[in-house]
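First the structure, in the form of structure tokens, and then the observations on it.
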Amino acid sequence: MSDLTQDLSAPLSPLTIGLTDFIDEFGDELLDSLNRSNPPVYAGNAHPRRQAVMGSLKRSPFPAQAEVVQAITALLLDRNEQAGIINAEMGTGKTMMAIATAAVMHDAGYRRTLVISPPHLVYKWRREILETIPDARVWVLNGPDTLVKLLKLRDQLGEPYDGRQEFFILGRVRMRMGFHWRLACWQRRAAGGQRLAGCPDCGRLLEDQDGNFVTVEAFQHEGRRRCCPHCHAALWTLMRPGISASGDRRSAILKSMCRIPTIGPVRAERLLGDFGEDFLASMLGDNVSEFINLMDAKGNFIFSDRQARRMERAMANIEFGFGEGGYQPTEFTKRYLPDGFFDLLIVDEGHEYKNAGSAQGQAMGVLAAKARKTLLLTGTLMGGYADDLYYLLFRILTRRMIEDGYRPNARGSMAPAAMSFMRDHGVLKDIYTERDSESHKTARGKKLSVRTVKAPGFGPKGIHRYVLPFTVFLKLKDIGGNVLPAYQEEFVDVAMETEQASAYQKLAGTLTQALRQALARRDTTLLGVVLNVLLAWPDCCFRPEVVKHPRTRDTLALVPTIFGDGELMPKEQALVDLCVEEKAKGRKVLAYTVYSGKRDTTSRLKRVLEQAGLKVAVLRATVDTSRREDWILDQVDRCIDVLITNPELVKTGLDLLDFPTIAFLQTGYNVYTLQQAARRSWRIGQKHPVRVVFFGYVGTSQITCLELMAKKIAVAQSTSGDVPESGLDSLNQDGDSVEMALARQLIAA
């Protein structure tokens with residue numbers, strides 16, 4: 001009894017349990033409760049008819065891909081939601097899943113599918129659609145004759161439907177582009193030799209605000225488009241850029257034919273003489289295959305088989321236009337096509353449309369409002385901050401966002417709603433600054449100022465409300481069936497040489513002192529300059545560095561060349577060792593460097609690697625986006641060992657399966673770019689283990705940059721329902737924006 005009394009009188013220790021242990025202990029009960037309160041849209045019960053549609057395709061999706069299609073079609077068709085998101089890891093086959101979704105929805109009565117694609121993937125989409133869906137009709141709305149095709153579509157509105165599924169592929173750059181125009185009027189001669197401007201439709205003379213007739217000269221000097229005040233006809237016309245109003249049609253056709261392989265000026269002239277301008281222009285604009293199979297009067301083919309093969313490969317990525325000038329496709333769709341004309345809108349690389357004021361983001365929002373349903377494809381839905389999602393969600397889930405109170409204010413501004421969304425679901429820091437004030441004569445006072453900055457993070461309430469109900473997730477590891485090989489990320493810290501480290505410390509001390517003094521004056525103009533120099537200099541110390549104040553142009557620091565042309569920097573030596581090691585194993589290396597412009601490091605890297613006996617190619621921005629895939633394949637055919645490029649050039653869509661080893665010499669600040677570029681070769685079809693290596697100089701700002709990138713990746717992955725296992729995890733602490741994290745470290749040092 002005394003023992004019992006003693007036990008009851010003893011203070012009870014509070015129950016403590018770790019989060020991981022809690023989930024392990026009560027995870028099943030929590031999941032059951034969640035499923036009861038929020039039943040899933042799709043619980044794994046495949047719809048037989050939809051499965052049969054996928055089975056009838058030329059290429060059937062993998063089982064895991066078919067599950068994603070079943071889930072997203074259940075959301076769009078059974079739940080009748082406005083939009084859905086496929087958040088699938090890079091390399092899982094988002095294009096294939098989107099095409100299969102379009103096929104299933106076509107079976108449910110959704111006739112037309114509009115695809116918004118990155119410009120370099122337009123023809124890849126076309127190729128994959130034709131390889132997947134039998135008898136699909138594909139329109140490419142990415143060339144100079146986009147307006148002609150849209151006018152044909154409008155003319156076909158009343159025609160009976162033949163049952164074939166239609167796809168319209170629009171490059172995102174063409175989607176947002178404006179158009180070239182010039183003023184046009186009817187000219188009428190008047191007394192005194194004057195030429196008066198009139199309406200070409202109704203014939204009435206134009207008048208100014210005082211009621212005086214407008215001369216042609218005055219009319220041509222007006223700087224805006226206008227319409228006739230009587231009949232409202234347009235007093236302007238389209239014009240093709242680069243061609244004058246009186247452009248020579250014959251020379252345009254000649255120039256276009258000379259773009260085709262195996263056709264030179266002489267042969268182009270001969271073809272024009274034999275077949276005529278109208279005949280050739282119609283074939284080049286509408287039916288390229290007929291031009292390739294052109295026959296002479298005796299029935300013989302004009303081009304040999306070898307020429308035809310070269311022409312067919314090249315002309316798959318070329319469009320010719322000889323008609324009307326360009327007109328913004330988004331504007332045409334909004335004005336001249338009925339609501340719901342496009343049944344399904346597929347937005348590839350959907351995270352590219354998240355920015356508030358971007359033209360392409362606003363254009364995508366217009367098309368999403370015009371389409372019946374929207375499907376967003378992305379591998380990186382979020383970049384670390386809550387407002388990354390706000391504008392994207394508002395454009396595809398407008399009704400849901402307005403219901404929750406996130407709507408434009410009376411002046412049409414979205415900024416207050418975005419800030420409210422950040423406060424509700426993101427992380428905001430209110431920074432209070434207190435200063436002594438000398439303005440009071442009889443008392444001492446303090447001046448308090450407050451500013452708000454955003455930080456990485458997205459709350460579980462936001463994930464539950466805006467992500468989970470509309471998003472299907474797929475990881476490469478979920479595909480199973482040994483479809484993909486192993487994937488490994490690693491971080492390699494490289495020690496600087498003594499002279500290099502000494503020069504860096506001196507440079508960092510000088511610039512940090514200048515930055516402190518500037519920030520004390522509340523002058524932030526030096527912030528970007530200092531951070532960029534300290535990040536770039538360790539990789540660019542093969543050239544002298546002069547740092548000038550961006551406003552006063554005063555010299556802040558001067559560092560001479562540390563490494564000559566024949567000397568290898570430590571990181572270059574590490575890259576050479578990696579490439580030589582991988583070549584011995586029969587593996588090609590893809591090397592990323594973000595300094596490919598003013599601080600060009602690609603030429604030096606190419607020379608260094610070639611001196612080590614490696615065959616190297618450099619992909620530059622001068623290679624047209626539509627040709628990059630073929631260009632890389634040509635380099636692989638040349639048996640290169642290393643491909644050097646900026647990750648921005650290959651971050652989306654390209655399958656670089658020939659390069660199982662990827663090396664990041666720098667990462668940059670963009671989480672989307674880093675995650676996309678790191679998975680370029682770990683995709684369906686890869687047979688070799690993939691190795692991704694990150695290099696960073698010890699004791700420099702590069703390490704701090706990598707730390708913040710690791711933090712932002714962790715937050716971004718949290719919206720994908722995954723705990724990241726990144727090679728940067730060992731650096732993952734806590735952080736703000738890249739600039740502020742680096743600035744704090746510099747000032748605190």
Side-chain angles (χ1 to χ4, degrees), residues 40-88 92-117 125-126 128-139 141 153 157 161-170 333 337-348 350 364 367-378 395-399 469-474:
V41 174
Y42 175 72
N45 303 318
H47 193 288
R49 182 172 180 83
R50 295 168 189 169
Q51 197 67 35
V53 171
M54 286 186 277
S56 66
L57 301 177
K58 294 180 184 179
R59 299 185 303 157
S60 297
F62 289 111
Q65 294 175 326
E67 290 290 321
V68 171
V69 175
Q70 289 277 4
I72 206 71
T73 51
L75 176 74
L76 297 176
L77 297 176
D78 300 341
R79 291 290 182 91
N80 197 30
E81 289 290 352
Q82 182 181 0
I85 303 170
I86 295 180
N87 187 6
T92 51
K94 292 187 287 293
T95 304
M96 177 65 195
M97 289 184 280
I99 295 172
T101 301
V104 170
M105 297 191 69
H106 174 256
D107 184 68
Y110 288 70
R111 170 182 173 181
R112 302 182 184 93
T113 299
L114 174 63
V115 179
I116 303 176
S117 162
W125 268 95
R126 176 178 178 269
E128 295 210 19
I129 290 170
L130 294 175
E131 290 175 353
T132 305
I133 297 185
D135 300 324
R137 184 184 291 117
V138 183
W139 302 60
L141 304 178
L153 285 179
L157 282 175
Y161 179 40
D162 61 2
R164 294 176 61 185
Q165 187 171 1
E166 293 180 291
F167 286 86
F168 305 83
I169 308 172
L170 176 61
T333 302
L337 294 180
D339 290 345
F341 178 82
F342 295 112
D343 300 290
L344 176 64
L345 172 66
I346 297 176
V347 184
D348 195 10
M364 186 275 282
L367 294 178
K370 294 286 288 187
R372 292 171 62 188
K373 303 287 184 183
T374 300
L375 175 60
L376 198 76
L377 309 179
T378 180
R395 285 161 182 155
I396 65 172
L397 296 170
T398 310
R399 186 168 58 246
F470 305 99
T471 309
V472 183
F473 303 100
L474 182 65

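These numbers come from a predicted model, not from an experiment.
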Going by side-chain contact (heavy atoms from CB on, under 4.5 Å), Ile396 matches just one of Leu375, Val347, Ile85, Leu345. Which one? Ile85
Check whether any side-chain heavy atom of Gln165 sits under 4.5 Å from a side-chain heavy atom of Arg137, and report yes or no. no
Identify the two heavy atoms, one from Val41 and one from Ala71, that lie closest to each other, and give their separation to 0.1 Å. CG1-O, 4.5 Å
Within this structure, what is the OG1-CG distance for the pair Thr132 and Leu57, rounded to the nearest 0.5 Å? 7.0 Å
Mutual orientation of the aromatic rings belonging to Phe168 and Phe341 [parallel < 30°, tilted 30-60°, perpendicular > 60°]: tilted
So how far is it from Trp139 CH2 to Leu170 CG, rounded to the nearest 0.5 Å? 14.0 Å
With a 4.5 Å heavy-atom cut-off, do Met105 and Leu76 have their side chains touching? yes
Evaluate Ile346 against Leu377 for side chain to side chain contact (heavy atoms under 4.5 Å, CB included), listing each step before the verdict. CA-CA 7 Å; Ile346 297 176; Leu377 309 179; 3.8 Å; yes
From Asp348, Leu141, Val138, residue fulfilling side-chain contact (heavy atoms from CB on, under 4.5 Å) relative to Ile169: Val138
The reported gap from OG1 in Thr101 to NZ in Lys94 (rounded to nearest 0.5 angstrom) is 13.0 Å
To the nearest 0.5 Å, what is the distance between OG1 on Thr73 and OH on Tyr110? 11.0 Å
Below 4.0 angstrom, N of the basic side chain to O of the carboxylate: do Asp343 and Arg372 qualify? yes
Less than 4.5 Å apart, side chain to side chain, heavy atoms only: is that true for Arg50 and Asp107? no
Measure the shortest side-chain to side-chain distance between Ile133 and Ile99 over non-hydrogen atoms and say whether it is less than 4.5 angstrom. yes
Salt bridge present between Lys373 and Glu81 (N-O < 4.0 angstrom): no
Less than 4.0 angstrom from a charged side-chain N to a carboxylate O is my criterion; do Arg111 and Glu166 meet it? yes
Contact check, side chains of Met54 and Val104, non-hydrogen atoms, under 4.5 Å: yes
Any side-chain heavy atom of Tyr42 sitting closer than 4.5 Å to one from Ile72? no
For Leu130 and Lys58 the tightest heavy-atom approach is O-NZ, 3.1 Å
For the residue pair Arg126 and Phe167, would you count it as a cation-pi contact if the rule is NZ or CZ under 6.0 angstrom from the ring centre and within 45 degrees of the ring axis? no
Smallest heavy-atom separation, Ala108 atom then Leu77 atom, equals CB-CD1, 4.0 Å
Met97 and Val69: which non-hydrogen atoms are nearest, and at how many Å? O-CG2, 3.6 Å
Does Pro338 reach the side chain of Leu157, with side-chain heavy atoms less than 4.5 Å apart? yes
Distance (rounded to the nearest 0.5 Å) between Gln70 CD and Asp78 CG: 9.5 Å
Ala46 to Gln51 - nearest heavy-atom pair and separation: CB-OE1, 4.1 Å
Inter-residue atom distance Leu367.CG - Leu114.CG, 0.5 Å rounding: 6.0 Å
List the atom of Ser56, the atom of Pro134, and the distance in Å for their closest heavy-atom pair. O-CG, 4.2 Å
